[in-house]
Amino acid sequence: MRAVLISAPGDASKLALGETQTPVPKATELLVKVHSFALNRMDISQRMGSYPPPPGASSILGVEFSGTILECGSAAKTAWKEGDEVFGLVPGGAYAEYVVIDAEMAIRKPQNISWQVAAALPEVWFTAYQALFLNCNMAEGEDVLIHAGASGVGLAAIQLAKLKKANRIIVTVGSDEKKDFCKSVGATHAINYKTEDFASKVLEFTGKKGVDVIVDFVGQTHWNGNLESLAMDGRMVMLAFLSGPVIKESNLAAILRKRLTIRGSTLRSRDLTYQRKLKALVENEVFSEIFNGNPDLQCVIDKEFSWKDIVQAHLFLESNVSKGKIVVNID
Ligand SMILES: NC(=O)c1ccc[n+]([C@@H]2O[C@H](COP(=O)([O-])OP(=O)(O)OC[C@H]3O[C@@H](n4cnc5c(N)ncnc54)[C@H](OP(=O)(O)O)[C@@H]3O)[C@@H](O)[C@H]2O)c1
């Protein structure tokens, strides 16, 4: 089959279409002909050689896709048949003509959902749901701060916080255009972290109380501001370190004084049992709403590319200008 291959660890120019072996589904898996796949930040780290796929996963990039079932493993035939249209999250292998997925991780694609939207749903909505509700136990009426608000995960988190009736949904972003965009999908307050001190603004917006929940992807540059921004009994989940993982100077007293809970989380390294449960929760509570046309839940796609232009697609992802998802079509 054809797939996007990495000639050597490095920049986007190291990506090119090439020939490799078609995967063979196990008894509990489906072989799917891929129509579209979506990009994620981890693809950049994997391309550069600093983020190996989990043990047993395909070394081909890509964790989410949409497509048509070509073959069902022997134990997967009761639930699925050849020709069914599906999408889903995989530990790797989606930048290819064919991919295998665990039959319980596959999600049926309704006719009213495009191939592109289906491919762009799993990773960011699973991650945002996990961060807000499983990692941080966000409850109705709480105030939430979401960094990188216009990122794929950020936009999903804004809409999920609104769905579950958060009080204030505050975001930080790197441009005024992104501020307006985040407000258009449900943020109640937006801060440009490049021109404004986000912690002072959070305390101003919350009447000095601070926020109950923070979803952070930034790490280093936002750490001290995050400690200032959290309310009593506040919870923060750290999902990435976009500005770096090392904190040079920090006063940890706030963690004790405010009884803070700070945790890290990943999705790709979770075992299949955990991922199947998370998939079922998101499918039932969130994707069902999207399929039924809930106008408050949008899958935001910034740009589509042909897979022949995979280098340009990665450069666009790395430019930090995108709002929402980047989808690639196999053509
Ligand atoms: N742990 C997990 O389970 C998990 C799962 C999925 C994703 N992630 C991580 O979550 C993050 C978001 O993923 P995504 O795919 O949604 O990203 P994305 O759509 O590519 O957006 C990332 C955005 O982050 C902002 N950013 C970049 N560098 C920054 C910096 N130094 N300081 C502040 N903001 C910065 C940029 O927006 P601005 O213009 O606002 O700066 C950029 O557009 C990524 O780091 C990804 O690796 C973690």
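Counting begins at 1 with the first residue of the sequence. Since this is a predicted model, take the numbers as computed values, not measurements. Any value given below was found using the heavy atoms of this structure, including those in side chains, with hydrogens, waters and symmetry copies removed. Numbering of ligands and ligand atoms starts at 1, following listing order.
- Within the 4.0 Å heavy-atom criterion, neither part of Ser175 lies near ligand 1.
- The protein non-hydrogen atom at the shortest distance from atom 12 (C) of ligand 1 is Phe217 CD2, 4.0 Å.
- Among protein heavy atoms, the minimum distance from atom 46 (C) of ligand 1 is reached at Arg41 CB, 3.6 Å.
- Within the 4.0 Å heavy-atom shell around ligand 1 one does not find Ala150.
- Only the side chain of Glu123 comes within contact range of ligand 1, with a heavy atom under 4.0 Å; no backbone atom does.
- The shell of residues lying under 4.0 angstrom from ligand 1, judged by heavy atoms, includes Val218.
- By the 3.5 Å distance cut-off applied to N or O atoms, Tyr193 is counted among the residues near ligand 1.
- Thr68 is listed as a side-chain neighbour of Trp115, based on a closest heavy-atom distance under 4.5 Å.
- Distances between N or O atoms of Gly174 and those of ligand 1 include at least one value under 3.5 Å.
- The protein heavy atom nearest to atom 23 (C) of ligand 1 is Ser151 CB, 3.9 Å.
- Residues Arg47 and Leu61 share a closest heavy-atom pair of N-CD2, 4.0 Å.
- You'll find the side chain of Leu17 reaches within 4.5 Å of the side chain of Val4, heavy atoms only.
- Annotation: atom 7 (C) of ligand 1 to nearest protein heavy atom, Val153 CG2, 3.9 Å.
- Nearest protein heavy-atom contact of atom 42 (C) of ligand 1 is Asn320 OD1, 3.4 Å.
- Taking 4.0 Å as the cut-off between side-chain N and carboxylate O, Lys165 and Glu140 do not count as a salt-bridged pair.
- The shortest side-chain heavy-atom distance between Lys323 and Glu177 falls under the 4.5 Å cut-off.
- Considering backbone and side-chain atoms together, Thr127 places no N or O closer than 3.5 Å to any N or O of ligand 1.
- Given atom 8 (N) of ligand 1, the protein heavy atom at minimum distance is Leu239 O, 4.2 Å.
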I would like to know whether Arg41 and Glu123 meet salt bridge (Lys or Arg N to Asp or Glu O under 4.0 Å); could you show each step before the answer? CA-CA 11 Å; Arg41 286 262 145 180; Glu123 174 73 13; over 6 Å; no
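- Checked against a 3.5 angstrom limit, the closest N/O atoms of Ala240 and ligand 1 fall outside it.
- With a heavy-atom cut-off of 4.0 Å, Lys178 touches ligand 1 through its side chain alone.
- Annotation: atom 19 (O) of ligand 1 to nearest protein heavy atom, Gly152 N, 2.9 Å.
- At a 4.0 Å heavy-atom cut-off, ligand 1 does not touch Thr221 at all.
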